[in-house]
There are 2 protein chains.
Amino acid sequence: MKQETDDIRQNRVPERDLDEMDRKLLGALCEDATVSYAELGEKVGLSAPAAHERVKRLRRSQAIRSTSVLIDPVAVNKPLLAFVHVDTRGWGKTPELMAISAYPEVEEIHSVAGDACMLLKVRARDTRALEGLLAKLYDTPGVMATRSYVVLSTYLERPVQPGSTTVWPMPSYMAQPIEHRRNVNAIAKAD
Amino acid sequence: MKQETDDIRQNRVPERDLDEMDRKLLGALCEDATVSYAELGEKVGLSAPAAHERVKRLRRSQAIRSTSVLIDPVAVNKPLLAFVHVDTRGWGKTPELMAISAYPEVEEIHSVAGDACMLLKVRARDTRALEGLLAKLYDTPGVMATRSYVVLSTYLERPVQPGSTTVWPMPSYMAQPIEHRRNVNAIAKAD
DNA sequence: CTTGTTGCGGAATGTCATTCCGCCATCATG
DNA sequence: CATGATGGCGGAATGACATTCCGCAACAAG
């Protein structure tokens, strides 16, 4: 009986963890999601219906969250990118703070460990728009201070990559931690 | 004669700046790029061929950089997200540093103004993989120090939004800067 | 060995992307 | 004001492709 586990993963699709073929599909779709299933299958070594079936499964299991267009920030008049660290009194994630997600300038909101409570990724038209957002932040109860890191140049910006680095080049002077000798936390299969 | 301006914008498509209809198209495609052109046109109030034509133009002009799938980080076994501030001696953007973009864990590399030189967005399997990347960083010539902000929870994460906030709610005690009284830097048309 | 399950490939069909063409609005020009 | 050019839109036609169906093979369970 596997009935006992079914109520644990509530609204989670069965989701057998993905194999190498799924990764290749994700990688290809990450680069260009407009390809036909015929081309996609050809890239990964699969027939069109097979590729389609797997992609459909990846969508159902929410491994593929959505398909979206990547917009040039300059084209939509948002050349200014900044990361804003927010110090808050007490727990940062208040409804008042979350309200700023209504502004399309705000692209990311994270709570972080470190000397900042919340971290925002903001993309705006100019410094004045950024100032407007900061003013809005300082008007939010609990916000103590902000530190903004204005981006001068972006050298790399890409969506989540399906691949992982399996072996990191460790410098010679750094010993391998004991608990990882046999790589106990490695990906379960197919690596 | 408008010949004289043609050699200025070199490999830039004519690119008349986008109107309200383009923004609506971008917004719809941002949410879901799998919709048919018929649905897309219906959403924005356009026929299928007209919508197709405009989207084609948006792609040509690179306002739409690419179409991609958004992958669930957990599904590809990368639950750990961190922002890494890198202090460098001298100018940060060296070929050696840029080499880390080969790691699929690195999603963004920016140079920033503030007390950090470079800012990295890193998504890894576990703390050990993050350590591996940090070790790689410290092995890079010119890297002085790093500060990592490990994300505890992500409350918002979305691609570049086509919209912009036109009027920011200024707190009453903050005066309007003189040079912006007539909103000189506003979007050229259609706002 | 038998049986059920799962994933794949080939063929068929319906949907949709893509093109063509005529219409209309806008704008520049006479 | 009149007129021609331009650009963008909508309707219809066609071709490509997504999607489904079905048979087959590999594999696991009984």
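In what follows, chains carry the letters A, B, and so on, assigned in the order in which the sequence lines appear, proteins first and then strands, with residues in each chain numbered from 1. Scope of the values below: all heavy atoms of this structure, side chains included, with no hydrogens, waters or symmetry mates.
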Interatomic distance, B/Asp19 CG vs C/dT26 P [rounded to whole Å]: 15 Å
d(CZ, B/Arg54; P, D/dG7) in whole Å: 14 Å
Nearest-angstrom distance from the residue atom CG of B/Leu29 to C1' of C/dA17: 14 Å
Taking every non-hydrogen atom, the tightest pair across B/Thr166 and A/Arg125: CA-NH2, 4.1 Å
Gap between atoms CD and P, on B/Glu53 and D/dG11 respectively (whole Å): 16 Å
Rounded distance (Å) that lies between atom P of C/dA17 and atom CD of A/Glu39: 16 Å
Nearest-Å distance for atom pair CZ/C1', residues A/Arg57 and D/dT19: 17 Å
Nearest-Å distance for atom pair CG/P, residues A/Leu58 and C/dG7: 12 Å
Nearest-Å distance for atom pair CZ/C1', residues A/Arg59 and D/dA18: 12 Å
More than 12 heavy atoms from other groups under 6.0 Å of CD on B/Glu31: no
Taking every non-hydrogen atom, the tightest pair across A/Cys30 and B/Ser68: O-OG, 2.9 Å
Aromatic plane relationship, B/His85 with A/His85 - under 30° parallel, 30 to 60° tilted, over 60° perpendicular: tilted
Spacing of A/Leu120 atom CG and B/Tyr155 atom OH [to the nearest 0.5 Å]: 12.0 Å
Sorted by number, the residues of residues 45-52 of chain B with heavy-atom contact under 4.0 Å to DNA chain D: B/Leu46, B/Ser47, B/Pro49, B/Ala50
Listed nucleotide nearest any side-chain atom of B/Lys56, set D/dC17, D/dC9, C/dT19: C/dT19
Neighbour count >12 (heavy atoms, 6.0 Å) for atom CZ, B/Arg147: yes
